[in-house]
Amino acid sequence: MKFFADTAEIGEIVGLAELGLVDGVTTNPSLILKSGRDIIEVTREICSLVSGPVSAEVVSLKADEMIAEGRKLAEIAGNIAVKVPLTWDGLKACKTLTTDGLMVNVTLCFSANQALLAAKAGATFVSPFIGRLDDINLDGMELIADIRTIYDNYGFETQILAASARTVNHISQSALIGADVVTAPPSVLRKLVDHVLTDKGLEGFLKDWKKTGQKIL
Ligand code: G3P
C-alpha cells in the first residue's frame, strides 16, 4: 500500500520522507490556503522533494477551463497528477487529460457509481472521502470496500486512493480492504507508530537493563 501525505506543508513532507512514508503527496485548494504559499511555487517545491505522484487540483467548473488549468499544472513537473472534481465536466477533463498522457486524480468521490464513472473516464486515481461520509453518519469504509469489489469485478486499473482519512483505523481498514493508496494528514501518519504496550514494554526493558550495569557502547 502506498502512503501519500495530505498536505502542502514542506516541513511536514520532509519529516515524513525521512521515514520513507511519502510515496506521494495530495493537495487541494484548502491545503494551499493553509500553506499560505503560491500554488505553482509550493507545488514545484513539493515535486522537487517527492518522486511519486503529487496531486494538484484545478479550480474551474467547466471542462475546457479545467483542461487548460490541468495542462498548466502538469507543466510544473513530470510527477504531477491533475486533480479534477467528480462532475460531468470533471470526467470530461479526466478523459482528455489522460489521453494527453497525464495522471489524473478524480476527487470528491462519495459513491460507488461515481467511482465507476471515474474508472470509465480513465482516471489514474479515484479519491473516495472516508471522513466526510463518516461526518454525515454514513460509512466511509463501506464505500472503499464497494469500490474495491467493483474494480476487481471488471479489472479496472484506476487506483483507489482512500482520502479524508482522519484516524489510524481508517488507514488499517483501508489496507485490509485493499485500497491501493491512502492519503492522510502528517499528524495521522505519525500516530501509526503509537501503542501503549510498546511504551510500557520499552520502559520495563530499560529498567531491567539499568540493573545489569552493562553497556553496549
Ligand atoms: O484528501 C482529501 C482531504 O484533504 C480532505 O480531508 O479531512 O478535509 O475531509 P478532510
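When a ligand or atom number is given, it counts from 1 through the structure's own listing order.
Among residues at least two apart or in separate chains, side-chain hydrogen bond (donor to acceptor under 3.5 Å, both in side chains) pairs with a member in residues 99-108 are S55-N105, R71-D100, N105-S127.
Tracing side-chain contacts under 4.5 Å through hydrophobic residues (I, L, V, M, F, W, Y), one reaches I39 starting from M66; they form part of the same cluster. One hydrophobic cluster, built from ILVMFWY side chains closer than 4.5 Å, cannot hold both L176 and M1; they sit in different ones.
Annotation: atom 3 (C) of ligand 1 to nearest protein heavy atom, D6 OD2, 3.0 Å. R132 NH2, 2.8 Å is the protein heavy atom nearest to atom 8 (O) of ligand 1.
Those atoms of ligand 1 with a heavy atom of R166 less than 4.0 angstrom away are 7 (O), 9 (O), 10 (P). Close approach of ligand 1 to T183 is summarised as follows: ligand atoms under 4.0 Å from at least one heavy atom of the residue are 1 (O). Less than 4.0 angstrom separates some heavy atom of F129 from each of these atoms of ligand 1: 2 (C), 5 (C).
Of the polar atoms of T26, none of the N or O atoms is found under 3.5 Å from an N or O of ligand 1, judged by distance alone.
When heavy-atom distances to ligand 1 are checked against a 4.0 Å cut-off, T107 has no atom that comes that close, whether in backbone or side chain.
Between D180 and R148 a salt bridge is recorded (basic side-chain N to carboxylate O distance below 4.0 Å). Classification of K34 and E9 as a salt-bridged pair fails, no side-chain N sitting under 4.0 Å from a carboxylate O.
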Extract all donor-acceptor atom pairs below 3.5 Å that involve side chains of residues 190-208 and protein atoms in other chains or at least two apart in sequence.
from	atom 1	to	atom 2	distance (Å)
R190	NH1	E12	OE1	2.8
H195	ND1	L197	N	3.0

